[in-house]
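Here the structure is laid out as structure tokens; the discussion comes afterwards.
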Amino acid sequence: MQIEDKMNFNEKVYKLCSKIPRGKVSTYKELAKALNSKAYRAVGNALRNNKYPNIIPCFRVIKNDGSIGGYCGKNPKNIKKKIFKLKLEGIIFNKGKIDMDKYLYKFK
DNA sequence: GGAGTGACTTTTT
DNA sequence: GAAAAAGCCACTC
């Protein structure tokens with residue numbers, strides 16, 4: 001127990017990301033809230049480091065506004081790929097943004 | 001221990 | 001409504 005308490009904020013973020021179901025997305029803010037914190041910045045930092053790209057679908061994490069935000073290296077190409085991947089999961093994009101009310105996954 | 005950084009968010013112009 | 005500035009928190013050097 002409390003194993004998660006031993007984990008750094010970073011690792012907690014990773015774990016939550018891996019918990020996001022397929023076909024849904026989450027926001028940095030929600031992630032931080034799920035961790036009882038407001039460190040949306042730290043969440044972004046954690047994902048930017050992305051120590052475990054194999055187990056962490058970071059492309060399911062987007063901004064609070066519904067825009068993609070960023071991806072590895074902030075490269076437009078990577079962003080595009082992220083959108084494409086989300087599309088494959090059944091998420092529909094509206095002007096580069098997604099319907100938060102439909103696809104936003106809330107951690108319980 | 002302090003300064004710098006960032007895949008953010010909110011408010012203001 | 002878009003763009004800019006400030007605010008914020010955790011991590012890294």
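So you know, we letter chains A, B, ... as the sequences are listed, proteins then strands, and number each from 1.
One interatomic measurement links the two molecules: CD1 of I68(A) to P of dA7(B), which rounds to 15 Å at whole-angstrom precision. Between the C1' atom of dT5(B) and the CZ atom of F9(A) lies a distance of 16 Å, rounded to the nearest Å. Atom NZ of K95(A) and atom C1' of dA2(C) are 13 Å apart (whole Å). For the pair L31(A) CG and dC11(C) C1', the computed distance is 16 Å after rounding to whole Å. Atom C1' of nucleotide dA7(B) and atom CD of E30(A) are separated by 17 Å, given to the nearest angstrom. Rounded to an integer number of Å, the gap from D65(A) CG to dA7(B) P is 17 Å. Rounded to a whole Å, the CZ atom of R48(A) is 8 Å from the C1' atom of dA7(B). Rounded to whole Å, atom P of dA10(C) lies 16 Å from atom OH of Y14(A).
Checked against dA10(C), dT12(C), dA7(B), the side chain of N10(A) finds its nearest nucleotide in dT12(C). For A39(A), taking side-chain heavy atoms from C-beta onward, the closest of the listed nucleotides dT10(B), dA10(C), dA7(B) is dA10(C). Comparing dA7(B), dA10(C), dT9(B) against the side chain of K82(A) picks out dA7(B) as the nearest.
Here the side chain of N78(A) pairs no donor or acceptor atom with the backbone of K74(A) at under 3.5 angstrom.
Using a 4.5 Å heavy-atom cutoff, the side chains of C17(A) and V61(A) are in contact.
For the OP1/OP2 pair of dT10(B) and a distance below 4.0 Å, the side-chain nitrogens and oxygens of N64(A) include at least one atom meeting the criterion. Close to dC8(C), at under 4.0 Å from its OP1 or OP2, lies no side-chain N or O of K38(A).
The NZ atom of K106(A) lies 13.5 Å from the CG atom of L31(A); values are rounded to the nearest 0.5 Å. Here the OH-CG distance, from Y103(A) to L86(A), works out to 10.5 Å after rounding to the nearest 0.5 Å.
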Begin with the C-alpha distance, continue with both residues' side-chain angles, and end with the deciding distance and a verdict on salt bridge (charged side-chain N to carboxylate O under 4.0 Å, His left out) for E89(A) and R60(A).
CA-CA 10 Å; E89(A) 302 220 338; R60(A) 283 185 198 150; 3.0 Å; yes
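Of the two residues near DNA chain C, N45(A) and Y40(A), the one whose nearest nucleotide lies more 5' is Y40(A). Both T27(A) and A42(A) sit near DNA chain B, but only A42(A) has its closest nucleotide nearer the 5' end.
Evaluation of atom-type donor-acceptor distances gives a pair under 3.5 Å for the side chain of Y28(A) against the base of dA7(B).
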